[in-house]
Amino acid sequence: MCGIIGIVSNSPVNQALYDGLTVLQHRGQDAAGIITCENAKVFLRKSNGLVKDVFHARHMLRLKGNMGIGHVRYPTAGCSSSAESQPFYVNSPYGIALAHNGNLTNAEKIKRDLYMEDLRHLNTDSDSEILLNVFAHELQHLGKLRLEVDDIFSAVSGVHQRCRGGYTAAALITGYGVVAFRDPFGIRPLCMGEREDETGKKEYMVASESVAVDTLGYRLIRELDPGEAVYISADGVLHTRQCAQNPQLSPCIFEHVYFARPDTILDNVHVHKARLRMGEKLAFKILREWPDHDIDVVIPIPDTSRTAASQLAYTLDVVFREGFIKNRYIGRTFIMPGQKLRKKSVRQKLNPLQLEFKGKNVLLVDDSIVRGTTSAQIIEMARSAGARKVYFASAAPPVRYPNVYGIDMPVASELIAHGRNEREVAEWIGADHLIFQDLQDLIDSVQEGNPQIKQFDTSVFDANYVTGGIDDAYLERLEASRCDAEKGQRDESDDEVLGVYNAN
């Protein structure tokens, strides 16, 4: 999962892009990058690390121009290396940079076609570079010296015809403006905002989450429709067009479970309210299936589960307490690239308050259980802090299947619930009792916020891959290429391989 942002303004955008990326930092902590444009030249800075560590004053001063795009990354396809940090850039045609969130499921076929038919060379294993080259080729084969608005939307239509998967992208075309588009199923989120400068002229932006729009002082216009593209020209004119033949909104429901910030709005659904409903429905399940429970206290596992846990406790009429102190300087455990690093970081990230555990029957609430590593260690911490019994509740159903649309759950064998029932998962993580959310309750929790959403991507729970084309052979190839062991063997080089007026 990654975060993208694009801005066309009437003044320099370097600081706004930086501020927007810090708001989207939760979506990726592996790498960050910004590219801007001034007088037909582009200025790039990208590297591994958090936003605050990648960009210093000297870099910001060199990121000149009134339009640009930015990216925060964590690795799914490809590896954890600054060579694969984004945005990517190609000089032909026109000079195009692209930042991408998601994953292409037919990347290998496109990669072969790009080499054999389009005569394009790829320098990384990232499907983001593939997406960029497809977009570039669609523009190049038009054979025009000057681009028109229709040309840009035609190129996006070509991208949708060739690419399959879940993706959003923001692209900078040197001297022209910023283009952004969303896949035909709307799996990954993308919204746009507007504001007026002191002279009354309009400025526009796009971002993965509405919280970036809010914090930069823009007004949220709306989420892009599935298959839709927006083009913000360098002179500040906004153009929008549907570029897919058969779009069908099927947003990733895991955005609401875990990834998105609670103050974000996704497809007109307030994430905070959706998580409140998740907690309420989970409480109803407990009352229905375990009416004689002996829970003394409900404790959330910081931070994402806090909203659902508080509403669960309220509905159960059980005391809600904060039982873990979080080290704010440790990244999100779920999106760390290696299993050893994940295991090490849990102990560094959370420390239990013994007085909230000692002698009590504790219900721990988390947003989900993926690999089980974090859950098992937290339960062990709760017991060490003196809990009499430790129960565990997940605001999401069991995660049993790989994700192919940009979330780092590619290996079925690493998912604790894959091939196990709830009792076996409870034994593995060491819980005295385990409660999972029902899938329909999760769907209802989100859908209540926007009944117009008729379908979600719920593939990690039910193996229903909305784009089609995902079979056992595909998943086996995915596991072979993206398991933790493979990641550990990859080159962790921190060399910068692209020099485009580099702001290093």
Side-chain angles (χ1 to χ4, degrees), residues 1-29 32 34 36 50-52 55 60 66-73 99 101 168-170 178 180-182 186 188-198 200-225 228 230 232 236 238 240 249 251-252 254-277 303-304 306-308 310 328 332 367 446 448-450 452-453:
M1 190 62 58
C2 302
I4 62 176
I5 187 171
I7 300 175
V8 176
S9 179
N10 302 313
S11 58
V13 295
N14 52 357
Q15 188 64 52
L17 289 169
Y18 175 94
D19 293 342
L21 290 183
T22 61
V23 174
L24 298 174
Q25 185 75 85
H26 61 286
R27 299 186 67 85
Q29 298 146 29
I34 290 174
T36 60
L50 300 176
V51 175
K52 67 179 180 63
F55 302 100
M60 298 297 290
N66 294 355
M67 61 182 183
I69 61 175
H71 186 265
V72 287
R73 176 184 189 258
N101 172 33
T168 57
V178 169
F181 51 89
R182 192 178 185 190
R188 301 267 69 88
L190 189 64
C191 65
M192 55 181 167
E194 67 176 2
R195 72 179 181 187
E196 293 183 354
D197 65 13
E198 60 274 6
K201 291 182 64 177
K202 287 287 184 67
E203 300 176 325
Y204 295 97
M205 69 171 290
V206 293
S208 292
E209 294 188 26
S210 66
V211 64
V213 174
D214 298 338
T215 56
L216 293 180
Y218 286 71
R219 179 186 69 85
L220 178 65
I221 300 175
R222 60 179 173 84
E223 202 89 4
L224 270 68
D225 291 332
E228 186 180 20
V230 301
I232 311 165
L238 176 69
T240 68
L249 182 60
C252 174
F254 211 79
E255 291 275 356
H256 293 273
V257 171
Y258 176 79
F259 274 106
R261 277 182 39 155
D263 47 347
T264 281
I265 301 171
L266 299 177
D267 295 304
N268 290 323
V269 179
H270 291 262
V271 173
H272 176 71
K273 289 185 177 180
R275 289 176 181 168
L276 287 173
R277 291 189 287 266
D303 282 315
T304 320
R306 185 173 286 113
T307 304
S310 64
R328 300 292 173 183
R332 300 182 86 177
D367 51 77
V446 182
E448 186 176 328
N450 181 4
Q452 299 303 312
I453 305 175

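No experiment lies behind these values; they were computed from the predicted model shown.
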Worksheet item: Are E196 and R219 ion-paired here, with the side-chain N under 4.0 Å from a carboxylate O?
Response: no

Practice prompt. List the atom of L266, the atom of A260, and the distance in Å for their closest heavy-atom pair.
Written response: CD1-CB, 3.8 Å

Worksheet entry | pair V206-V230: side-chain heavy atoms closer than 4.5 Å | yes

Worksheet, complete the sentence: OG1 of T304 to NE2 of H256, rounded to nearest 0.5 Å, is 14.0 Å

Worksheet item: Quick one: salt bridge (Lys or Arg N to Asp or Glu O under 4.0 Å) pairs with a partner in residues 16-26, sequence neighbours left out?
Response: none

Discussion item. For the OH atom of Y218 and the CZ atom of R195, what is their distance to the nearest 0.5 Å?
Written reply: 3.5 Å

Worksheet item: Can you check whether Q15 reaches M60 side chain to side chain, under 4.5 Å on heavy atoms?
Response: yes

Practice prompt. Please step through side-chain contact (heavy atoms from CB on, under 4.5 Å) for the pair I69 and L17, ending with a clear verdict.
Written response: CA-CA 7 Å; I69 61 175; L17 289 169; 5.6 Å; no

Worksheet item: Less than 4.5 Å apart, any side-chain heavy atom of L24 and any of T22?
Response: no

Response to the item:
Between G236 and Y204 the two heavy atoms that sit nearest each other are O-CE1, 3.4 Å

Worksheet item: Do V271 and D263 touch side chain to side chain, with heavy atoms closer than 4.5 Å?
Response: no

Worksheet item: Quick one: does L224's side chain get under 4.5 Å of M192's, heavy atoms only?
Response: yes

Practice prompt. Let me see the working for I34 and F55 under side-chain contact (heavy atoms from CB on, under 4.5 Å), right down to the final yes or no.
Written response: CA-CA 9 Å; I34 290 174; F55 302 100; 3.5 Å; yes

Worksheet entry | Short side-chain donor-acceptor distance under 3.5 Å, N450 and D267 | no

Response to the item:
SG of C2 to CZ of R27, rounded to nearest 0.5 Å, is 8.0 Å

Worksheet item: Rounded to the nearest 0.5 Å, how far apart are OG1 of T264 and NE2 of H272?
Response: 12.5 Å

Worksheet entry | Exercise: identify the closest heavy-atom pair between R188 and R182 | O-NE, 2.7 Å

Worksheet item: Does D367 use its side chain to pair, donor to acceptor, with the backbone of Y258 at less than 3.5 Å?
Response: no

Discussion item. Under a 4.0 Å threshold between the charged nitrogen and the carboxylate oxygen, would E255 count as salt-bridged to R261?
Written reply: no

Practice prompt. Quick one: pull up CG in L190 and OG in S210 and give me the separation to the nearest 0.5 Å.
Written response: 11.5 Å

Item to complete: Over all heavy atoms of both residues, which pair between G28 and V72 is shortest? Give the atoms and the distance, please.
Response: O-CB, 3.6 Å

Response to the item:
Residues R275 and F259: closest non-hydrogen pair is NH2-N, 4.2 Å

Worksheet entry | Straight-line distance of K52 NZ to Q25 CD, nearest 0.5 Å | 8.5 Å

Discussion item. As a quick check of understanding, evaluate side-chain contact (heavy atoms from CB on, under 4.5 Å) for L220 and C191, giving each step before the final call.
Written reply: CA-CA 8 Å; L220 178 65; C191 65; 3.8 Å; yes

Item to complete: Provide the closest heavy-atom pair for G449 versus V269 in the form atom of the first, atom of the second, distance.
Response: C-CG2, 3.9 Å

Worksheet entry | Evaluation steps, side-chain contact (heavy atoms from CB on, under 4.5 Å), between Q452 and N268 | CA-CA 10 Å; Q452 299 303 312; N268 290 323; over 6 Å; no

Discussion item. Check whether D225 reaches the backbone of E228 with its side chain - one donor and one acceptor, N or O, closer than 3.5 Å.
Written reply: no

